[in-house]
Peer 1: 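One structure coming up, written as structure tokens, with questions to follow.
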Amino acid sequence: MNDIIPTVGIIMGSQSDWATMQHAADTLEKLGVPAESLIMSAHRTPSRLHYYATGAKARGIKVIIAGAGMAAALPGSAAALTPLPVLGVPMDGRLMGGLDALLAMAQMPGGVPVGTLGIGKAGAVNAALLAAAILAVSDERVAQALDDFRAAQSAAVPESPDKNA
């Protein structure tokens with residue numbers, strides 16, 4: 001049995017969002033940050049969302065990453081139900097390429113903040129890194145993992161181009 005308590009909750013509106021949100025989960029795993037991933041919809045499973053968001057802090061969750069497309073109501077709905085930081089990841093949609101979801105997340109009413117990241121995979125990775133940075137303020141182990149990640153990322157960038165590539 002797994003006794004590790006997750007500190008980041010990754011929620012998404014549907015199974016199809018997992019292809020993107022898995023990048024957030026993978027990034028957190030690489031950093032050693034325990035996370036849980038769940039599907040819930042602001043429109044189709046509102047009671048599941050309410051139960052999750054109102055109880056997340058008491059269960060040890062410190063940051064919620066919420067991925068959604070189209071109307072993108074999930075991050076804002078979660079933010080309205082919890083005092084925890086909520087980071088929104090817009091899904092790359094078929095109709096407007098995710099711009100509709102990005103704008104819905106970014107235009108929250110005053111008093112209900114959602115930290116909105118970029119569309120798709122890059123947004124999911126950056127949401128995980130931002131969640132880690134939030135945790136790193138009070139967790140030296142996460143801070144070190146984040147420093148190591150950034151150092152490795154910098155070291156992987158060559159100083160000059162490969163002229164044979």
Side-chain angles (χ1 to χ4, degrees), residues 6-54 56 61-82 84-136 142 145-146 148-150 152-158 161 165:
T7 55
V8 176
I10 301 171
I11 59 174
M12 62 211 83
S14 67
Q15 177 63 45
S16 63
D17 297 338
W18 179 241
T20 297
M21 298 307 288
Q22 184 171 4
H23 298 289
D26 291 346
T27 301
L28 289 168
E29 185 176 336
K30 288 175 189 170
L31 295 170
V33 175
E36 62 186 13
S37 299
L38 300 164
I39 298 171
M40 58 194 70
S41 167
H43 300 115
R44 294 180 303 246
T45 62
S47 58
R48 186 185 307 170
L49 171 61
H50 187 273
Y51 177 80
Y52 181 81
T54 58
I61 298 295
K62 293 181 169 57
V63 181
I64 295 174
I65 299 173
M70 299 174 66
L74 185 61
S77 296
L81 294 167
T82 184
L84 299 173
V86 175
L87 308 177
V89 179
M91 295 297 106
D92 186 6
R94 290 181 288 259
L95 182 62
M96 297 181 68
L99 185 58
D100 49 347
L102 175 72
L103 293 174
M105 287 181 201
Q107 292 299 318
M108 291 299 299
V112 187
V114 170
T116 305
L117 285 296
I119 297 168
K121 177 183 175 181
V125 170
N126 285 340
L129 294 171
L130 185 54
I134 291 167
L135 296 172
V142 175
L146 195 53
D148 293 346
F149 172 88
R150 290 180 173 155
Q153 180 176 251
S154 295
V157 179

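Quick note: residue numbers are just sequence positions, from 1.
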Peer 1: Could you give the distance from CZ (F149) to CG (L129), rounded to the nearest 0.5 Å?
Peer 2: 4.5 Å

Peer 1: Taking the side chain as everything from C-beta on, heavy atoms only, tell me whether L117 gets closer than 4.5 Å to I65.
Peer 2: no

Peer 1: For Y51, what residues pass the side-chain contact (heavy atoms from CB on, under 4.5 Å) criterion, not counting sequence neighbours?
Peer 2: none

Peer 1: Measure the NE2-CG distance between H23 and L28 for me, rounded to the nearest 0.5 Å.
Peer 2: 13.0 Å

Peer 1: T54 and L81: which non-hydrogen atoms are nearest, and at how many Å?
Peer 2: CG2-O, 3.7 Å

Peer 1: Heavy-atom distance under 4.5 Å between the side chains of Y52 and T82, does that happen here?
Peer 2: no

Peer 1: With sequence neighbours left out, write down each residue that passes side-chain hydrogen bond (donor to acceptor under 3.5 Å, both in side chains) with D26, or none if nothing qualifies.
Peer 2: none

Peer 1: Any heavy-atom pair between the side chains of P6 and I61 that's under 4.5 Å?
Peer 2: yes

Peer 1: Going by atom type alone, with no hydrogens or angles, which donor-acceptor pairs under 3.5 Å involve a side-chain atom of residues 87-115 and a protein atom two or more places apart or on another chain?
Peer 2:
none

Peer 1: For P85, which residues count as a side-chain contact (heavy atoms from CB on, under 4.5 Å) partner, sequence neighbours excluded?
Peer 2: V63, I134

Peer 1: Looking only at heavy atoms, which two atoms of A66 and M21 are closest? And how far apart?
Peer 2: C-CE, 4.3 Å

Peer 1: Enumerate, atom names and distances included, each donor-acceptor pair closer than 3.5 Å involving a side-chain atom of residues 7-15, sequence neighbours excluded.
Peer 2:
residue	atom	partner	partner atom	Å
T7	OG1	P34	O	3.4
S14	OG	S16	OG	2.9

Peer 1: If every non-hydrogen atom of S77 is compared with every non-hydrogen atom of L49, which pair is closest and at what distance?
Peer 2: CB-CD2, 3.5 Å

Peer 1: Who passes side-chain contact (heavy atoms from CB on, under 4.5 Å) against R48, sequence neighbours left out?
Peer 2: M40, T45

